[in-house]
Asks: 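Okay, here's the structure, questions in a sec.
Basis for what follows: all heavy atoms, side chains included, without hydrogens, waters or symmetry-related copies. Just so it is clear: chains get the letters A, B, ... in the order the sequence lines come, proteins before strands, and each one is counted from 1.
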Amino acid sequence: MSSLLECQTLTKKYGSLIALNNVSFTVERGRIAGLLGPNASGKTTLIKLINGLITPTSGTVLINGQKPGIESKLKISYLPDANFLPEWMIVKQLLNYYSDFYSNFNINKAYDMLARLGLNDKMRLKSMSKGTKEKVQLILTMSRAADLYCLDEPIGGVDPASRDYILDTIINNYNENGSILISTHLISDVEKVLDDVLIIQNGCLYMHKSVDEIRKEHNTSVDGFFREVFRC
Amino acid sequence: MSWELNNEKPIYVQLMDYIMLSIISGRYSAGDKLPPVRELAQMASVNPNTMQKALSELENTGLIFSNRTSGRFVTDDTDLINRCRKNLAAEYCNDFFEKLKSLGLTQDEINALIDDCRHTSS
């Protein structure tokens with residue numbers, strides 16, 4: 001079976017700015033990978049390329065051996081880093097919206113998670129706090145039975161207790177054939193749920209290792225390692 | 001309850017220590033069936049792959065074994081468990097003496113201190 005996600009010599013230029021420079025890596029099935037890097041290192045660009053929202057200047061992205069397209073949009077459940085939902089909708093409308101759009105959306109699962117996080121389906125997106133909005137977006141994303149979950153900074157505004165619940169949800173909900181790619185700055189919160197870590201810096205792949213390899217080789221957590229390497 | 005994980009050691013090593021401690025302290029007795037990987041991973045809030053790795057490494061020590069169809073079990077070998085307990089206790093003692101020595105205490109002072117503590121606790 002081919003790798004779930006494969007990036008080959010991926011380069012993306014915005015005019016003269018090189019956002020990603022010759023990045024190659026693979027993510028195997030059943031893995032949870034963290035995408036780490038300082039601000040403006042190319043994390044979101046990489047995720048957008050994987051989702052086919054932008055096209056690479058050179059190189060290829062393969063999901064399940066295929067280039068991004070209509071097929072891959074069913075296989076990938078993507079949580080963008082920006083607000084992307086119609087603000088005037090209430091949660092119930094959003095759930096129906098997702099049910100209409102995605103054949104692999106499990107509405108019961110979504111209602112389950114809403115209840116656990118103390119949200120109800122009458123709440124309107126416009127009047128929600130930042131953290132609550134993030135929770136709703138994450139619930140929508142994680143309620144799809146996808147192969148690859150691409151989460152772009154999913155828990156930034158969420159309180160620590162809900163963060164723990166969300167991370168538990170992430171490790172319990174994904175299936176063994178699926179994978180998760182999480183871009184985040186909250187390294188210490190997520191590192192115990194990660195298998196692998198991808199660190200990018202100035203558009204180049206700086207490191208691709210497992211969490212325990214980093215801990216073993218450097219005698220520090222991934223969080224500590226990151227702070228050491230990118231000390232300002 | 002979530003397991004306390006520190007920032008220095010690899011996570012799977014800490015999971016191994018934790019499970020070993022649970023066996024030595026009798027939370028899981030000789031011959032007991034262990035919960036499934038996913039459940040253990042959830043209890044520790046860690047990635048199931050990491051828990052899997054910890055369990056297979058523990059299998060290599062003989063402390064647990066897996067039965068293809070019915071799951072993982074604690075060894076029946078109580079001698080092995082006792083040996084592990086002794087080793088760990090010896091490790092604790094070593095750490096203890098190291099710590100006191102690093103404070104600048106001599107062996108005699110340490111012995112006197114231990115006697116003192118024994119009196120007050122009894």
Asks: Side chain, backbone, both or neither: which part of A:I171 has an atom under 4.5 Å from a heavy atom of chain B?
Replies: both
Asks: Tell me, out of A:N219, A:I214, A:V211, who's got the most heavy-atom pairs with chain B below 4.5 Å.
Replies: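 The answer is A:N219.
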Asks: Tell me if a side-chain donor or acceptor on A:S24 pairs with a main-chain N or O of A:T9 at a distance below 3.5 Å.
Replies: yes
Asks: Quick check on B:L5 against chain A: is it the side chain, the backbone, both or neither that has a heavy atom closer than 4.5 Å?
Replies: side chain
Asks: Has A:R144 got a side-chain atom pairing as donor or acceptor with A:K75's backbone, closer than 3.5 angstrom?
Replies: no
Asks: Quick one: what part of B:E39 sits under 4.5 Å from any heavy atom of chain A, side chain, backbone, both or neither?
Replies: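 No part of B:E39 comes within 4.5 Å of chain A.
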Asks: Using the rule side-chain contact (heavy atoms from CB on, under 4.5 Å), only one of B:N47, B:N49, B:T50 pairs with B:Y12; which is it?
Replies: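 Of the listed options, the one satisfying the test is B:T50.
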Asks: If we define contacts as heavy-atom pairs under 4.5 Å, which of A:L194, A:D195, A:D164, A:I170 has the most with chain B?
Replies: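 Winner by heavy-atom pair count: A:D195.
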Asks: Tell me whether A:D112 is salt-bridged to A:K109, with the criterion being a basic N under 4.0 Å from an acidic carboxylate O.
Replies: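 No, A:D112 and A:K109 are not salt-bridged.
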Asks: Heavy-atom cut-off 4.5 Å, strictly under: side chain, backbone, both or neither for B:K53 against chain A?
Replies: neither
Asks: Check this for me, if you would: do A:K48 and A:D81 make a salt bridge, where the nitrogen-to-carboxylate-oxygen distance has to be below 4.0 angstrom?
Replies: no
